[in-house]
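Here the structure is a predicted model, which means the values were calculated and not measured. To find a chain, count down the sequence lines: A is the first, B the second, and so on, and within it residues start at 1.
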Amino acid sequence: MTEKREIRIKVPLLARVEGEGALDLVISNNRIETLNLRIFEPPRLFEKLLEGREYQEVPDIVARICGICPVAYQMSAVNALEQIFNVQPDPWVHAMRRVFYCGEWIQSHALHIHLLAAPDFLGFNSAPEMAGAYPDEVRRGLKLQSLGNDLIRLFGARSVHPVGARVGGFYRAPDQARVAELVSDLERALPDAAALISWVASLDLADEQQNFCSVSLRHDAEYPIMQSRLMSDHGLDLAIEDYEQKFTEFQVPHSTALHSSLDDRPYLVGPLARLNLNHELLPEATLSILRSTAIRFPSKNMFHSIVARAVEIHFAMLEAIRLLQHYSLPEAPYRDVKPRAGIGYGCTEAPRGLLWHKYETDSNGRIISARIVPPTSQNQARIEQDIAASLQNAGLDQAEAVLRLRAETVIRNYDPCISCATHFLRLKIDRH
Amino acid sequence: MSATKAKVAVHKFSSCDGCQLAFLNMGEDLLALFDQVDIIHFAEAGPLNREASVDISFVEGSLSTPEDIHRIKKIREKSRYVTTIGACATAGGLQALRNVAQQDDWIQSVYATPQYISSLDQVMPIHEQIAVDFELRGCPVNTRQITAVLRSLLNGVTPVNEQDKVCMECKRQHEVCAMVARGLPCMGPVTRAGCGALCPGVGRDCYGCYGSAENANTASLGGRFHLLRLNQNQVRHRFVSFNGADPVFASAGSMGTGKND
């Protein structure tokens, strides 16, 4: 063939993602020449503005990195600070933090499935538009999302930037009547969560196998949410304290978010990675629903991420019920903390994947330095790799509109959180 | 209501996206909202049309790049009413703290490849660049605030401007006073109401995320904080945090002591 075909696809503003990003794609003679997931959301310099702050302020400040996953930021931070101060939160606090975190998984995953991702697979531009043809499914999704918000509110008084978490535990324990009410709400909604798994598993998801490395936390006895060790399906087994030995962050020209690599290669974090590495730790009730579908984990099909999210919603609801069922008021909702100088690490599974924090404090507990690695910057290189592979699979000779939608679908499939990714401290002062 | 639906846009600048969630977390009411008004532009929810003329624009986030200034001016031209939502849009947000920090130090300590990124030297709230019709405070704003403003504008009346202090909401809820009873450095006496006094409700002191209330006596409160044994730095941080460019809090913070005696 001698005829030269050049396609330039520019998506100046990606719809249905959190934060602002764009895509630049140039295909020349059936070859991808340029492929940039361009993140232009301005950096907000959080690590720097934490310096000099008191440790008590940290959970409230880091929450502001992301409106959709503030609980994840708060939990990674309190875990790191408690490590420095050598405080072990008691079992009540540990259990209730897990419930608090389950609320965020439910809220964030339900929002992503229904408002951000599903319209792609069903041919709509937005969830309200999709609600015309799928009213029950959309309403069911919004109800589940609200239930997640209720769980966050139980501990945090509001679901965006909740105010209940502190180093050592919670400011106040929720009262028993409210807990009982929520447990029965969750129980009533379980069939909805089960139906959601079947529904997303029946969507027309492209059958596309790719090679990638899944990374998540791993715990012997429970599906991972907080702390423990880092694992991959390529043999990684690492203490969270040693994260910096294996994972590196680097800057690329087209993004205000840093890229990340593991042993110099892209890797995946998030619900699909978690499920790939931990599916056998799910409760039997969740596994049996999954078995009734055609989808199996571990999976090398990135589009199974939406199924992984639905599975984690069902799990998170069961987990919250399990931990709240025999709820009783604790003697104290938090442990007193004596600050001291040191370095501490916190790593938890945000809805979108690993969220790693490192803090150094002085003897009064003031922050000397902070480093935060959010999930979306870790996934960035993998997203670009995936778009390239997925477009090749679809065929680069396809019409521009088809390629564009495919690329956007791939990006949204990761639920990228661009606000999170651009918390970082790279800044150029451009004085005009 | 008129026969044609009101056109509404939701725009985002530098922010955490949390104030847009006051829409997206409405639950099933979100569908009713899309039914009652025409959502023309709301990138996170799907509709994309940045350039269209609308009746009401809600704006989240603060201005921090040269491109932002160009874009907000366009939004002003195309909107009948502009309402800012939240601490970033109304008072700069946390990121406005960099306005008062030692910027050059920050840059030198962290910078790998500066030429890739452009940014203004000051983070600005929206009203510094355009006329804003109504400002909603809070980090984050909540659904109740947003629907109240939307309802008022749709009915052609001026939205109620909440200026009371958190103390008023707190008393109405019969919370025990965090400062008087427990000696906590509560920001309630100078902070704008609207959240529902959530922090005293969970047994902690208000940390000022809704910004300054009317006639806020920050000097007196700062003095009180010193009596509660807060050092100068701690007093400054109480005032200068989530609303980095709130002029009342900023001046209370920059006085350092806030003492009036």
Side-chain angles (χ1 to χ4, degrees), chain A residues 13-20 41-46 48-49 52-54 57 60-61 64-68 70 107 111 115-116 119 125-129 131 138-139 142-143 145-146 149 156-161 163-164 166 170-172 251 253 256 419 425-432, chain B residues 12 14-22 24-28 30-31 34-35 39 43-48 50 64-66 68 93-95 97-98 101 103 106-107 109-121 139-140 142 195 198-199 201-204 207 209 233-234 237 241-242:
Chain A
L13 175 62
L14 288 161
R16 285 183 278 119
V17 297
E18 208 250 2
E20 304 215 312
E41 172 118 12
R44 295 199 295 144
L45 312 165
F46 271 83
K48 220 50 194 172
L49 59 87
R53 292 278 169 168
E54 315 283 330
E57 297 179 275
D60 298 318
I61 292 176
R64 267 69 183 187
I65 293 173
C66 177
I68 296 191
Q107 169 267 134
L111 187 155
L115 293 174
L116 311 183
N125 290 312
S126 73
E129 198 184 297
V138 173
R139 280 178 198 283
L142 293 171
K143 252 172 59 190
Q145 184 190 344
S146 296
N149 283 321
R158 63 184 172 199
S159 68
V160 181
H161 308 331
V163 300
R166 59 182 287 166
F170 289 97
Y171 283 95
R172 176 170 291 175
Q251 196 184 1
T256 51
S419 302
L425 36 68
R426 313 237 156 190
L427 168 72
K428 177 192 170 204
I429 300 301
D430 195 356
R431 295 176 209 272
H432 290 284
Chain B
K12 176 197 150 69
S14 181
S15 68
C16 76
D17 281 45
C19 289
Q20 296 179 60
L21 289 175
L24 299 181
N25 276 339
M26 278 179 175
E28 295 184 60
L30 183 67
L31 300 179
F34 269 78
D35 223 34
I39 306 279
E44 192 168 337
L48 280 185
R50 266 187 173 170
S64 64
T65 70
D68 284 353
L94 259 174
Q95 59 267 24
L97 292 180
R98 81 164 154 94
Q103 282 205 30
W106 283 22
I107 296 153
S109 65
V110 300
Y111 221 150
T113 321
Q115 60 270 29
Y116 293 162
I117 299 156
S118 102
S119 161
L120 294 168
D121 57 355
C139 183
N142 57 44
C195 66
L198 299 178
C199 287
V202 299
R204 66 183 291 197
Y207 60 85
C209 73
N233 219 15
Q234 290 167 327
H237 287 164
S241 286
F242 302 94

With a 4.5 angstrom heavy-atom cut-off, is it the side chain or the backbone of [X] that approaches chain A, or both, or neither?
{"X": "B:C19", "result": "neither"}
{"X": "B:L21", "result": "side chain"}
{"X": "B:L30", "result": "side chain"}

How close do [X] and [Y] get, heavy atom to heavy atom, and via which atoms?
{"X": "B:V202", "Y": "A:A157", "result": "CG1-CB, 3.9 Å"}
{"X": "B:C16", "Y": "A:H161", "result": "SG-NE2, 3.3 Å"}
{"X": "A:V17", "Y": "B:E44", "result": "O-CG, 3.6 Å"}
{"X": "A:R64", "Y": "B:C209", "result": "NH2-CB, 3.6 Å"}
{"X": "A:A131", "Y": "B:L31", "result": "CB-CD2, 3.9 Å"}
{"X": "B:D17", "Y": "A:E18", "result": "CB-OE2, 3.1 Å"}

State the [atom1]-[atom2] distance between [X] and [Y], to the nearest 0.5 angstrom.
{"X": "A:I68", "Y": "B:Q20", "atom1": "CD1", "atom2": "CD", "result": "8.5 Å"}
{"X": "B:S241", "Y": "A:R53", "atom1": "OG", "atom2": "CZ", "result": "3.5 Å"}
{"X": "B:S64", "Y": "A:L45", "atom1": "OG", "atom2": "CG", "result": "9.0 Å"}
{"X": "B:L97", "Y": "A:I61", "atom1": "CG", "atom2": "CD1", "result": "7.5 Å"}

Is [X] in contact with chain B via its backbone, its side chain, both, or neither, using a 4.5 Å heavy-atom distance?
{"X": "A:L111", "result": "side chain"}
{"X": "A:S126", "result": "both"}
{"X": "A:N125", "result": "backbone"}
{"X": "A:V163", "result": "both"}

Closer than 3.5 angstrom, by distance alone: can the side chain of [X] be matched with the main-chain N or O of [Y] as a donor-acceptor pair?
{"X": "A:Q145", "Y": "B:L24", "answer": "yes"}
{"X": "B:R204", "Y": "A:R166", "answer": "no"}
{"X": "B:R98", "Y": "A:R44", "answer": "no"}

If we define contacts as heavy-atom pairs under 4.5 Å, which of A:R158, A:E57, A:Q107, A:E129 has the most with chain B?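 It is A:R158.
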Can you tell me which of B:G201, B:G203, B:S14, B:S15 forms the most heavy-atom pairs within a distance under 4.5 Å of chain A?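 Heavy-atom pair counts peak at B:S15.
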Most heavy-atom pairs under 4.5 angstrom with chain A, which of B:A45, B:C199, B:P47, B:C195?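 Highest number of pairs under 4.5 Å: B:A45.
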